[in-house]
Each structure stands twice: as structure tokens, then as C-alpha cells.
Amino acid sequence: QNKLKPDFSFDARRTLFEKRWVLVGGFKIGAEYRRVNRLGVGFYFLNTRIFDEDVEFILEANKIEYDFQYTTLYYDRVLYFDKKWEFGATLHFGGGRIKTFYQNELNPNERNTGPELKFNVTELVGYAEYNILYWLGISGGVGYRRVFGLDYGLGNDFSSAIFVVNLRLNLIKL
């Protein structure tokens with residue numbers, strides 16, 4: 001157990017944007033040490049289109065579309081484990097960018113690119129994992145994402161509770 005082992009997982013996250021559910025997908029890759037410490041990098045992106053009609057920063061737009069992605073450093077601490085179950089918490093720190101798009105009023109078929117907004121993110125998630133096979137586990141968890149560093153009050157719109165479903169592959173055992 002004192003060896004470094006690879007850690008890889010696919011993440012699907014449900015989160016709220018202005019009281020609407022959106023889906024964020026991604027994956028984590030890193031290393032595991034002593035079975036209880038995992039450290040690595042996570043890459044996340046939006047799987048759902050987000051539209052907002054309360055636009056302050058693009059005056060010529062009535063409705064705006066957001067597309068965001070972010071990268072985090074994560075630390076995963078396993079609090080309890082046995083052969084089939086694992087309980088723990090994951091902490092993420094990172095940053096990303098939000099791309100904005102809006103419709104041209106003169107030509108509704110034309111999609112204009114708006115400003116790109118940079119942000120920082122922090123997440124804390126508690127989870128439970130069940131190991132289906134010795135190399136495959138599925139987990140679920142709840143947590144909170146805090147987005148900061150955004151102008152126009154968008155940080156509060158993108159900060160919300162998150163619900164995580166995770167499929168973890170133990171590549172060495174596979």
C-alpha cells in the first residue's frame with residue numbers, strides 16, 4: 001500500500017444554474033497513495049446548453065448562451081473502506097473560462113461571439129462508492145461548487161449544490 005497507483009474516473013455532475021438543472025461532465029486522472037490519499041487533475045465541461053435572458057454586459061443581446069469548462073487540482077481523502085464500500089470527501093481548486101454567444105438582432109441565424117470570462121472554482125463533495133468488481137466502482141455524492149472572480153453577478157449564478165455520479169476504473173487491476 002505504500003506504492004503510488006494510478007487513479008482515473010469519469011464524472012457526471014448535476015448542478016443548478018438559476019434554478020434549472022444542467023449537466024457537467026468530465027474526468028479525473030491522478031495518483032493514489034496508501035489507499036486513502038488521491039491527488040490529481042480534473043477536467044470538466046458543460047454537457048447542456050445554458051441560456052440566460054437577464055443580460056447586463058452585452059447590451060445588444062436579449063438572450064445569451066453560456067458554454068464553460070474548467071480544470072481543477074483535486075485531493076480525495078478516503079475516510080472508510082472495506083472490500084466493497086468506500087466513503088470519503090473530495091476537494092477541488094481550479095479555474096476556467098466561460099464563453100458567451102448571442103444572436104444577432106438583424107440576422108437571427110447569425111451567432112455572435114461575446115466576451116470570454118475567466119473564473120476560479122472550489123468544490124467540496126462527500127461521496128460513497130460501491131466496488132462492483134475489484135477493478136470497477138460506481139459512486140454518488142453531494143457537495144457544493146463555489147465560483148468566484150466573475151463580474152456581473154454571474155458567480156452566484158454558477159455557484160450551487162452539485163450531485164455527482166462517478167464511474168471509477170482501477171487501470172492497474174484491469
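In this chain, residues are counted from 1 in sequence order.
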Next on the checklist: Assigning hydrophobic clusters by single linkage (Ile, Leu, Val, Met, Phe, Trp, Tyr; side-chain heavy-atom cutoff under 4.5 Å), is I162 placed with V22?
Outcome noted: no

Checklist entry - Going hydrophobic residue to hydrophobic residue with side-chain gaps under 4.5 angstrom, can you get from I132 over to W135? => result yes

Item to check | From OG1 (T100) to CD1 (I64), nearest 0.5 Å | outcome: 4.5 Å

Item to check | CZ on R145 to OG1 on T72, rounded to 0.5 Å | outcome: 10.0 Å

Checklist entry - In terms of side-chain geometry, is the basic nitrogen of K3 or E32 positioned less than 4.0 Å from the acidic oxygen of its partner? => result no

Checklist outcome for this item: The ring-ring contact (aromatic ring centres under 6.0 Å, His included) partners of Y127 (sequence neighbours excluded) come to none

Checklist entry - Excluding sequence neighbours, so at least two apart, what forms ring-ring contact (aromatic ring centres under 6.0 Å, His included) with Y130? => result W85

Item to check | Minimum side-chain heavy-atom gap V147-N120 below 4.5 Å | outcome: no

Donor-acceptor list for residues 40-51 side chains, cut-off 3.5 Å, not counting sequence neighbours:
residue	atom	partner	partner atom	Å
Y44	OH	D11	OD2	2.6
Y44	OH	R13	NH2	3.2
T48	OG1	L23	N	3.0
R49	NE	E65	OE2	3.2
R49	NH2	E65	OE1	3.2

Next on the checklist: Whether the side chain of T15 engages the backbone of A161 through a donor-acceptor N/O pair (distance < 3.5 Å, no angle test) should be reported.
Outcome noted: yes

Next on the checklist: Strictly distance-based, threshold 3.5 Å: is any side-chain N or O of N131 a donor or acceptor partner for the main-chain N or O of L133?
Outcome noted: no

Item to check | side chain to side chain contact (heavy atoms under 4.5 Å, CB included) between F101 and N112, intermediate numbers included | outcome: CA-CA 6 Å; F101 304 97; N112 294 334; over 6 Å; no

Go through the side-chain N and O atoms of [X] and [Y] and say whether any donor and acceptor fall under 3.5 Å apart.
X	Y	value
Y75	N37	yes
E110	Y102	no
R146	S159	yes

Looking at [X] and [Y], what are the two nearest heavy atoms and their distance?
X	Y	answer
D76	K28	OD2-NZ, 4.3 Å
L150	K118	CD2-O, 3.6 Å
R35	V78	O-CG2, 3.8 Å
G95	V121	N-CG1, 4.1 Å
F10	N166	O-OD1, 2.6 Å

Item to check | Evaluation steps, side chain to side chain contact (heavy atoms under 4.5 Å, CB included), between F148 and T122 | outcome: CA-CA 8 Å; F148 50 96; T122 232; 4.3 Å; yes

Checklist entry - Between F68 and F119, what is the ring plane arrangement, given parallel below 30°, perpendicular above 60°, and tilted in between? => result perpendicular

Checklist entry - In terms of the angle between their ring planes, are H92 and Y74 parallel, tilted or perpendicular, with boundaries placed at 30° and 60°? => result tilted

Checklist entry - Can you list the steps and then say if F87 with F81 is a side chain to side chain contact (heavy atoms under 4.5 Å, CB included)? => result CA-CA 6 Å; F87 299 94; F81 69 92; over 6 Å; no

Checklist entry - Taking only residues two or more places apart in sequence, or in another chain, which ones meet E116 in a side chain to side chain donor-acceptor pair (under 3.5 Å)? => result R97

Item to check | Contact list for residues 16-25, test side chain to side chain donor-acceptor pair (under 3.5 Å), sequence neighbours left out | outcome: none

Next on the checklist: I'd like to know whether NZ of K63 has more than 12 heavy-atom contacts from other residues, nucleotides or ligands below 6.0 angstrom.
Outcome noted: no

Next on the checklist: Show, in sequence, the C-alpha distance, side-chain angles and deciding distance for L154 and L117, and conclude whether the side chain to side chain contact (heavy atoms under 4.5 Å, CB included) test is met.
Outcome noted: CA-CA 10 Å; L154 289 174; L117 308 169; 3.6 Å; yes

Item to check | Qualifying salt bridge (charged side-chain N to carboxylate O under 4.0 Å, His left out) pairs, either residue in residues 128-137, two or more places apart | outcome: E129-R168

